[in-house]
2 protein chains.
Amino acid sequence: MRLLIIEDEPGIARFLKQGLEEEAFAVDVAGTGPAGLALAQAQPYALLLVDWMLPGLSGLEVCQQLRAAHNRTPLIFLTARDAVADTIAGLQAGANDYIKKPFHFEELLERIRVQLRAPGPPAAPERFQVGPIVLDVATHQVHKGGEEIMLTQKEFALLEYLLRHKGKVCRRQSIIENVWDIHFEYNTGVIDVYMNALRKKLKLGKEDEYLQTIRGIGYAARD
Amino acid sequence: MRLLIIEDEPGIARFLKQGLEEEAFAVDVAGTGPAGLALAQAQPYALLLVDWMLPGLSGLEVCQQLRAAHNRTPLIFLTARDAVADTIAGLQAGANDYIKKPFHFEELLERIRVQLRAPGPPAAPERFQVGPIVLDVATHQVHKGGEEIMLTQKEFALLEYLLRHKGKVCRRQSIIENVWDIHFEYNTGVIDVYMNALRKKLKLGKEDEYLQTIRGIGYAARD
DNA sequence: GCAATCGCTTAAAATTGCCTTAAGACCACG
DNA sequence: CGTGGTCTTAAGGCAATTTTAAGCGATTGC
């Protein structure tokens, strides 16, 4: 899921980007209206987060131009508290929702999810499972059987990635890019170290095949 | 007591929010039907105030969907229509009461109080516990064993937040937003200082695991 | 069967993030 | 206007996490 944030305040943009990436979104950021518009038209996004006040083009204008070009990407406005009256104009221009700053991050997430699942299938619970292993994204917990397993951030991220692609083979390259955010060259053995840690903590013996090694390719989570 | 207002007119929403907050309610506001529905399903509210006319989903549809999902939260409609037929439909859909706009704020308050004390939950005492630690929201007291522990406002709020989510991992982000009401960026060390104060006052040694640190994520209250 | 490659395991270095303390800012109260 | 308490900021020390590195065992291809 790729999102685009059009927001000129670097602090807020960074905050949003980081938070959303932790929720497994791929996030691009544009700092001005024209830059954002160009990006939004250049490639397909699942959703746009647009600040109301922007240098170059206002958020409203960005929205209008997109809709005029028959771009129907869901769009949520981020608007300052006292500008709420304006947002009616925004909704008329084809925005799907708006949220007042300051807002709770969870509320934003909730609204994003609403937009993303409206056209598609209903509510995906953020919970993954393979065999006796259950991973809960919201509370950042992992259980095997009834027992809770304490994992570090990276361990959790790696397991989450494998479980999100259960049944599929994850190539080392993809894992490094998505879990470690390393996009060029990979010659380290980090993945191996972490797979080892995961298997140890989850007490997976050689006969357990929930986390399989695909030699020469990568790894796969399988029931 | 947390209420949710689903109302698209910003002026009315602000008016209600402010008035109710002065009455010591915690108030969330959603501006559209879908956003409100999502919020209402995402967390438990003591009561919902729902406008009849909403963008996205009508108040009636929100109500129907909630009840269909076995959500029994008391719900009061705010309706501008004097057409009695509509409100009957609302009550049949599972609403608990309705009030016609314009209304006197005192009247609304009175109806809210009726709903909150009358039916379903007979005054559930707001009380949370982890191990030997008991927190009473109503009297603002905390005990460990039989001994009363004096906490400051923020200490209490932090402990309350953790206990309300007992068993779950609370991210620093969520804590900062919900306890401190700080949005965008949380690079302060306030949480650490307060966790330290809490543990000290509650005399939790290293071996006590009621308030655990989840490194890189946040904290969790656990039995 | 042998060499080469790949993955597993362990240990230690580098880094990050939390704990703790102290001091200043702020506020309510006398 | 001072006092006491609460809240926030900042910094050093320390411990857990993350990364790097290297030796060993297993698997593959010839």
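So you know, we letter chains A, B, ... as the sequences are listed, proteins then strands, and number each from 1.
Sorted by residue number, the members of residues 151-160 of chain B with any non-hydrogen atom under 4.0 Å from DNA chain D read B/T152, B/Q153, B/K154.
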Protein proximity profile, nucleotides 19-30 of chain C - base contact B, sugar-phosphate-only contact S, no contact -, cut-off 4.0 Å on heavy atoms = BBB---------
Taking only distance into account, with no hydrogens and no angle test, what donor-acceptor pairs under 3.5 Å do side-chain atoms of residues 215-223 of chain A form with protein atoms, sequence neighbours excluded?
unit_1	atom_1	unit_2	atom_2	d
A/R222	NH1	A/Q212	OE1	2.8
A/D223	OD1	A/G131	N	2.7
A/D223	OD2	A/K166	NZ	3.0

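Note that the first and last nucleotides of DNA chain D, 5' to 3', having any atom under 4.0 angstrom from a heavy atom of chain B are D/dT6 to D/dT17.
In summary, the side chains of B/R199 and B/T213 do present a donor paired with an acceptor at a separation below 3.5 Å, with no hydrogens or angles considered.
Summarising the geometry of B/K144 relative to B/I149, their closest heavy-atom pair is N-CG1, 4.0 Å, with the distance given to 0.1 Å. Shown here for A/F105 and B/E177, the closest heavy-atom pair between the two residues is N-OE1, 2.5 Å. Across every non-hydrogen atom of B/A157 and B/V179, the tightest pair is CB-CG1, 3.8 Å.
In this model, a side-chain donor or acceptor of B/R215 finds a partner on the base of C/dG17 within 3.5 Å.
Taking B/A197 as the reference, B/E155 meet the side-chain contact (heavy atoms from CB on, under 4.5 Å) condition, with sequence neighbours excluded. A/R172 is linked by a salt bridge (charged side-chain N to carboxylate O under 4.0 Å, His left out) to A/D192, counting only residues two or more places apart in sequence or in another chain. Judged as a salt bridge (charged side-chain N to carboxylate O under 4.0 Å, His left out), and not counting sequence neighbours, the contacts of B/K17 are B/E21. When the salt bridge (charged side-chain N to carboxylate O under 4.0 Å, His left out) test is applied to A/D208, no partner is found at least two apart in sequence or on another chain. Every salt bridge (charged side-chain N to carboxylate O under 4.0 Å, His left out) that A/R14 has, sequence neighbours left out, goes to B/E185. With sequence neighbours left out, the side-chain contact (heavy atoms from CB on, under 4.5 Å) criterion links B/D28 to B/R2, B/L4, B/Q43, B/Y45.
Direction of the helix axis in the helix from C/dG1-D/dC30 to C/dG30-D/dC1 shifts by 30° between the two five-pair termini, rounded to 10°.
Here the side chains of A/F77 and A/C63 are in contact, with some heavy-atom distance below 4.5 Å.
Rounded to whole angstrom, the span from the CG atom of B/L204 across to the P atom of C/dC18 amounts to 19 Å.
Under the ring-ring contact (aromatic ring centres under 6.0 Å, His included) criterion, the residue pairs touching residues 190-215 of chain B are B/W180-B/Y194, with sequence neighbours excluded.
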